[in-house]
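The block underneath contains the structure these notes are about, expressed in structure tokens.
Labels below follow one simple rule: chain letters A, B, ... track the order of the sequence lines, proteins then strands, and each chain is numbered from 1.
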Number of protein chains: 2
Amino acid sequence: MSSQETPRRPTIADVAREAGVATSTASVVFSGKAKVAPATRERVLAAAAELGYAGPDPRAASLRRGRSGIVAVVLEGHLRAAFLDPVTTAMMDGLTDGLAELSAGILLMRDEPGEGTAIADAPVDAVVLIGCSGRTRASLEVVVGRGLPVVVIEGDAGEAIPRVTLDNAAASADIAKHVRDLGHRDVALVTLPLDSDRERAAVTPERLANATVDVTVHRLAGTREVFPDAPAISASGSLIDEGVRVGRMLLADPATRPTAVLAQSDLLAVGVIRAAEEKGLRVPEDLSVAGFDGIALDGLGDLTLTTSVQPAVEKGRAAGEQVARMLRGEPGITQHLTCRFRVGTTTGPASR
Amino acid sequence: MSSQETPRRPTIADVAREAGVATSTASVVFSGKAKVAPATRERVLAAAAELGYAGPDPRAASLRRGRSGIVAVVLEGHLRAAFLDPVTTAMMDGLTDGLAELSAGILLMRDEPGEGTAIADAPVDAVVLIGCSGRTRASLEVVVGRGLPVVVIEGDAGEAIPRVTLDNAAASADIAKHVRDLGHRDVALVTLPLDSDRERAAVTPERLANATVDVTVHRLAGTREVFPDAPAISASGSLIDEGVRVGRMLLADPATRPTAVLAQSDLLAVGVIRAAEEKGLRVPEDLSVAGFDGIALDGLGDLTLTTSVQPAVEKGRAAGEQVARMLRGEPGITQHLTCRFRVGTTTGPASR
DNA sequence: TTGTAAGCGTTATCAC
DNA sequence: GTGATAACGCTTACAA
């Protein structure tokens with residue numbers, strides 16, 4: 001007010017000087033980490049108000065503390081896809097719960113080829129990697145190299161990294177057994193993408209050998225324990241529309257038409273059902289369809305999807321809790337979660 | 001390798017020493033901000049590899065640079081609600097686009113009573129406030145006090161703050177006019193929550209006067225330009241299930257049953273349609289229903305919702321672009337976006 | 001209870 | 001092209 005010698009924003013040192021106390025005292029007033037005489041406190045606050053000081057600069061504080069209060073969540077692919085996928089959103093939901101005790105912010109990052117190192121430049125305290133596929137693995141290395149606590153959700157990260165896993169293979173096998181027990185022999189599969197190319201095409205042994213998305217591979221392995229020779233088509237994503245497209249491919253030729261279709265996600269399954277309806281096929285009388293995920297689904301009319309219910313929210317919560325643990329200095333531990341098979345009305349006895 | 005005198009992580013100074021160069025030189029090798037002789041460069045990189053140095057500490061770098069590369073997005077209420085709301089996810093999608101040139105991370109924060117200052121402790125370069133209601137306004141003050149660039153999406157933040165706005169009132173009036181022109185006179189309204197209490201109850205003048213959610217108030221105002229006396233019930237959120245509940249309330253008594261229901265969101269409208277179907281009412285023959293948002297909707301069967309399509313993705317993109325501008329030092333400007341009315345098959349002539 | 005002082009790890013500036 | 005040095009703004013032992 002007297003001399004305007006500060007074009008720059010005031011610092012805590014300015015406030016301390018104005019209040020006639022040491023910087024450390026001013027600091028303590030804001031952090032509350034020690035007792036301060038009410039009078040001093042008031043003077044500091046008054047000085048802060050006077051100078052328009054809005055509190056300690058978080059950047060400086062996080063350098064000094066060695067903590068930024070931010071946890072990164074690395075999703076593969078475009079963020080838009082993540083937001084559109086109900087399983088991911090449910091998981092994010094659980095993650096915020098699991099992280100709640102840290103009152104940490106969640107930094108959304110995508111794992112893209114070019115910016116694979118974006119995570120390296122972000123001031124984060126820990127990292128949650130989701131669906132660790134080939135591409136994501138590059139991020140994992142960076143993060144580990146940096147010495148940051150990390151939890152991997154549904155990805156193969158090696159034994160040393162705490163993970164949250166799902167019994168994808170076993171759950172897929174359960175679905176397949178149910179369908180087999182209903183008498184089906186001509187079964188076709190719709191898988192999630194095999195790799196980041198996300199090509200919609202028949203799954204050949206060669207393509208499968210080069211697949212990088214663990215979830216896809218594991219679910220397929222489980223299904224093929226029961227139906228070793230079932231033909232499969234990989235979808236380009238987990239979307240209803242994509243399920244429709246693949247469904248049309250599978251149901252095009254009446255001669256080779258399967259009596260059951262097992263899809264690796266509920267959204268794909270709904271799409272297949274739509275494709276069947278287009279062709280005038282009744283579900284489950286003419287075609288049985290099963291999904292995976294157990295998400296709440298609109299648009300199925302009176303049908304209930306046969307599926308395996310995965311603990312999506314729990315997955316996120318478990319990851320959040322591990323991060324919290326590791327930040328507390330305790331070792332992170334791998335959690336194995338299981339799916340629950342749910343019989344619906346979209347599967348029925350084989351009619352031929 | 002020789003002496004293990006460093007239990008702590010190596011710093012760039014350690015690397016420089018090991019490589020026999022100045023710290024500043026090592027720094028430049030990592031930042032690429034100046035020319036370095038290939039030989040020196042190699043030596044530095046080798047030293048880094050030797051020491052297991054993974055690059056500059058982002059916390060220190062952001063203090064020094066005054067930039068953290070993080071943009072905060074403040075959502076009101078629980079994050080889970082945000083992830084479940086298609087309009088919000090679409091907007092987030094656009095936001096990532098608008099922010100792309102900054103290659104900034106997105107920090108998700110919620111604006112809760114208790115942690116209203118969480119945003120004050122986060123090392124962010126700019127803030128996007130969404131749906132600035134009474135509660136969110138506290139965050140706004142903190143952010144402005146901190147001198148951070150901020151953009152408000154659909155909130156009343158005063159003329160000084162760059163905003164992204166929607167013509168909610170006009171768009172709502174358009175829908176109402178369409179319904180009035182179809183001959184409807186007994187019209188009931190379903191609004192979004194009025195405030196953070198999110199009470200499901202009849203909208204009284206008193207409750208309306210205390211409402212803090214601008215979107216709700218503006219849309220209601222637009223509708224009431226056409227139907228000044230239409231009774232309204234506020235929903236507790238924008239969810240199909242909530243629409244079903246409110247729908248049941250509105251359709252309970254055949255004597256007072258409206259011939260048309262205008263909902264402030266598509267999800268609520270779908271819920272109302274479900275409630276109507278429960279009661280054996282046909283849409284649009286017995287009841288016309290309109291929504292708002294224009295999101296892609298499953299579960300409507302062959303019906304197409306009459307609604308106003310809002311540019312949700314564009315909203316986010318515009319906000320992102322403003323943030324990018326402001327970070328470049330240019331002034332942020334307010335952008336007014338408009339909705340587009342879309343006639344569907346859920347509205348028809350009044351039958352009485 | 002308050003003050004002193006030493007960093008936290010980096011990068012910008014300016015000489016050389 | 002490289003090096004010395006001074007911040008960046010804060011927190012936290014430790015001393016008084």
Side-chain angles (χ1 to χ4, degrees), chain A residues 6-45 47-48 51-69 120-125 146-148, chain B residues 6-45 47-48 51-69 120-125 146-148:
Chain A
T6 32
R8 71 184 203 296
R9 298 197 68 77
T11 72
I12 201 170
D14 297 326
V15 172
R17 197 177 316 117
E18 175 85 11
V21 301
T23 27
S24 55
T25 305
S27 173
V28 166
V29 167
F30 287 105
S31 72
K33 294 218 170 178
K35 277 159 221 326
V36 182
T40 338
R41 174 194 193 69
E42 282 313 311
R43 251 187 310 143
V44 172
L45 261 21
L51 266 42
Y53 178 75
D57 180 333
R59 281 181 280 257
S62 63
L63 168 58
R64 180 59 233 227
R65 290 214 179 98
R67 283 282 171 87
S68 65
D121 296 327
V124 299
D125 296 337
R146 215 164 250 298
L148 290 174
Chain B
T6 31
R8 70 183 204 298
R9 300 198 65 79
T11 72
I12 201 170
D14 297 327
V15 173
R17 196 177 316 117
E18 175 86 11
V21 301
T23 348
S24 50
T25 305
S27 173
V28 165
V29 167
F30 288 103
S31 73
K33 293 216 171 180
K35 276 161 221 326
V36 181
T40 350
R41 172 195 195 68
E42 282 313 312
R43 253 187 309 143
V44 171
L45 260 20
L51 265 41
Y53 178 75
D57 179 334
R59 280 182 281 257
S62 62
L63 168 59
R64 179 59 235 223
R65 291 210 177 100
R67 283 282 172 88
S68 64
D121 297 327
V124 300
D125 295 338
R146 218 165 245 299
L148 290 174

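- Atoms CZ (Phe30(A)) and C1' (dC10(D)) sit 12 Å apart, rounded to a whole Å.
- The shortest distance between the side-chain N/O atoms of Ser27(B) and the OP1/OP2 oxygens of dT11(C) is below 4.0 Å.
- Closest-nucleotide positions on DNA chain D for Ile12(A) and Thr25(B) were compared, and the one nearer the 5' end corresponds to Thr25(B).
- Residue-level contact check: Val28(B) touches neither bases nor backbone, having no heavy atom under 4.0 Å from any strand.
- When distances run from any side-chain atom of Thr40(B) to the nucleotides dG1(D), dT11(D), dT1(C), the shortest one goes to dG1(D).
- Side-chain proximity of Ala22(A) to dT4(C), dC10(D), dT2(D): nearest is dT4(C).
- Between the CD atom of Glu42(A) and the P atom of dT2(C) there is a distance of 12 Å, given to the nearest Å.
- Checking Thr23(A) against Arg43(A), the closest nucleotide of DNA chain C that is more toward the 5' end is the one next to Arg43(A).
- Taking OG from Ser31(B) and CZ from Arg65(B), the interatomic distance works out to 7.0 Å, rounded to the nearest 0.5 Å.
- The side chain of Ser31(B) contributes no N or O atom lying less than 4.0 Å from OP1 or OP2 of dT11(C).
- When distances run from any side-chain atom of Lys33(B) to the nucleotides dT2(C), dG1(D), dA12(C), the shortest one goes to dA12(C).
- We find that CZ of Arg59(A) is positioned 11 Å from P of dC10(D), with the value rounded to whole Å.
- As a whole-Å value, the separation of Arg9(B) CZ from dT10(C) C1' is 16 Å.
- The closest donor-acceptor contact from the side chain of Arg59(B) to the backbone of Pro123(A) lies at 3.5 Å or more, if one exists at all.
- The line from OG of Ser62(B) to CG of Leu63(A) is 8.0 Å long, rounded to the nearest 0.5 Å.
- The distance between atom CZ of Arg67(B) and atom C1' of dA12(C), rounded to the nearest whole Å, is 15 Å.
- Ranking dT12(D), dG9(D), dT11(C) by closeness to the Leu63(B) side chain, first place goes to dG9(D).
- Judged by atom type and distance alone, Ser24(A) reaches the base of dT4(C) through a side-chain donor-acceptor pair under 3.5 Å.
- Taking 3.5 Å as the limit, the base of dT11(D) and the side chain of Arg64(A) contain a donor-acceptor pair of atoms between them.
- Tyr53(A) OH to Arg146(B) CZ: the interatomic distance, rounded to the nearest 0.5 Å, is 7.5 Å.
- Here dC8(D) presents its P atom at 10 Å from CG of Asp14(A), a figure rounded to the nearest Å.
- Arg17(A) CZ to Asp14(A) CG: the interatomic distance, rounded to the nearest 0.5 Å, is 5.0 Å.
- Taking atom CG of Leu51(A) as the reference point, atom P of dG9(D) lies 14 Å away to the nearest angstrom.
- We find that CG of Asp57(B) is positioned 18 Å from P of dC10(D), with the value rounded to whole Å.
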